[in-house]
Amino acid sequence: MKKISLEKLVLNMGVGRSGDAIEIAKKALEQISGKKPSPREAKESQRDWGVRKGEPIGVSVTIRGEDANILLKRLFDAKGNQVRGKAFDNFGNYSFGIAEHIDIPGVKYDPQIGILGLGISVTLSRPGYGIRKRSKHKARVGKSHIIQNQEAKDYLVQKFEVTVV
C-alpha cells in the first residue's frame, strides 16, 4: 500500500485573452501531448485587463497512465534532468515550468504557433487515495499514508533518473 505512482500530469498554458491566442495554445498543447486540450475560463472579471467572467483565457490537458510517464520523461529532458527541491509540496505534488515549448524533444517549431511557455503539475499518489474523491463515504488520507516531500523526491530520482538541485 506504500507504493508511489504517477497519478496524473497536467499541462497548462495561460494566454490571458480569448480568440486566436487560445486556438494557437490548443495546437501547441496537442502537438506536445497528442491529446485534445480543453479551454479554461476566467473565474471573475478583471476590468483593467479587459477580461470578462466566463471568457476562455487558457487551455490545459490532463494525461494519465503510461502516456503520462512517457511525456514526463520528455519534459524532464527539456529541463536537463534536474528538478528544484523547493518545487515540491508536502502532499506528493511537484510543479515546474518550461519557457519555450520547442525545447521539448519531439516538438518542432511551427511558425503559425510561435514559441509559448507552459506550466506542468505532477501529482503522485498511493493505493487508497481514492477515498478522498469518491462520492459516498469520503474520508481523509491518514498522516502516515500521505506522500512526504522527501518520498516524492526519491520517487522521481529513482523512476525518472533526475537530480534534485
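All values below come from the heavy atoms of this structure, side chains included, with hydrogens, waters and symmetry mates left out.
- In this structure the side chain of Ser5 never reaches within 4.5 angstrom of the side chain of Leu124, judged on heavy atoms.
- For the pair Pro56 and Arg40, the minimum side-chain heavy-atom distance is 4.5 Å or more.
- Taking each heavy atom of Leu116 and Ala25 in turn, the nearest pair found is CD1-CA, 4.0 Å.
- Put simply, CD1 on Ile120 and OG on Ser95 are 9.0 Å apart, with the number rounded to the nearest 0.5 Å.
- Note: the hydrophobic cluster containing Ile24 does not contain Val51 (ILVMFWY, side chain heavy atoms under 4.5 Å, direct or indirect links).
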Practice prompt. Could you give me the CA-CA distance, side-chain angles and deciding distance for Val141 and Arg132, then say whether side-chain contact (heavy atoms from CB on, under 4.5 Å) is met?
Written response: CA-CA 7 Å; Val141 176; Arg132 300 180 299 162; 3.4 Å; yes

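- Atom CZ of Arg134 has more than 12 heavy atoms from other residues, nucleotides or ligands within 6.0 Å.
- When all heavy atoms are compared, the tightest approach of Lys36 to Val61 is O-CG2, 4.0 Å.
- No donor-acceptor pair under 3.5 Å is formed between the side chain of Lys43 and the backbone N or O of Lys53.
- Between Glu41 and Ile57, the shortest heavy-atom contact is C-CG1, 4.4 Å.
- Grouping the Ile, Leu, Val, Met, Phe, Trp and Tyr side chains by contacts below 4.5 angstrom, directly or via other members, places Trp49 apart from Val15.
- Annotation: side chain of Lys73 is in contact with side chain of Glu161 (closest heavy-atom distance under 4.5 Å).
- Transitive grouping of hydrophobic side chains (ILVMFWY, heavy atoms separated by less than 4.5 Å) keeps Ile115 and Leu29 in distinct clusters.
- Minimum heavy-atom separation, Phe88 to Ala152: CD2-CB, 3.8 Å.
- Asp89 places none of its side-chain heavy atoms less than 4.5 Å from the side chain of Tyr94.
- The closest side-chain heavy-atom distance from Ile102 to Lys108 is not below 4.5 Å.
- Side-chain atoms of Arg52 and Ser45 form no donor-acceptor pair, as typed in the model, at a separation below 3.5 Å.
- A distance of 16.0 Å separates NZ in Lys8 from CG in Asp67, rounded to the nearest 0.5 Å.
- For the atom pair Gln148 CD and Asn90 CG, the distance stands at 6.5 Å (nearest 0.5 Å).
- A side-chain contact (heavy atoms from CB on, under 4.5 Å) with Leu118 holds for exactly one of Ile32, Asn12, Val59; it is Ile32.
- Note that CG of Leu75 is 12.0 Å distant from CD1 of Ile70, once rounded to the nearest 0.5 Å.
- Under the 4.5 Å side-chain criterion, counting only non-hydrogen atoms from C-beta, Ile146 is in contact with Phe91.
- Without hydrogens or angle criteria, Lys79 side chain to Gly97 main chain gives a donor-acceptor distance under 3.5 Å.
- Considering only heavy atoms from C-beta on, Leu9 stays 4.5 Å or farther from Thr62 through its side chain.
- Atom NE2 of His101 sits about 7.5 Å away from atom CG of Asp110, to the nearest 0.5 Å.
- Val10 is not connected to Phe160 by any chain of hydrophobic side-chain contacts under 4.5 Å among Ile, Leu, Val, Met, Phe, Trp and Tyr, and they are in different clusters.
- A donor-acceptor pair under 3.5 Å is formed between the side chain of Arg74 and the backbone N or O of Pro105.
- A donor-acceptor pair under 3.5 Å is absent between the side-chain atoms of Arg84 and the main chain of Lys86, judged by distance alone.
- At least one donor-acceptor pair under 3.5 Å links the side chain of Arg126 to the backbone N or O of His145.
- No side-chain heavy atom of Val83 sits under 4.5 Å from any side-chain heavy atom of Phe96.
- Residue-environment remark: NZ (Lys35) stays at or below the threshold of 12 foreign heavy atoms within 6.0 Å.
- The minimum heavy-atom distance between Gln46 and Glu44, with the atom names listed, is NE2-OE2, 3.3 Å.
- Taken to the nearest 0.5 Å, the NZ atom of Lys159 stands 10.0 Å off from the CG atom of Leu72.
- Side chain to side chain, Thr123 and Glu7 fail the donor-acceptor criterion of an N or O pair below 3.5 Å.
- Between Gly58 and Ile22 the shortest heavy-atom distance is N-CD1, 3.4 Å.
- Defined by atom type and a distance below 3.5 Å, a donor-acceptor pair is missing between the side-chain atoms of Gln158 and Asp154.
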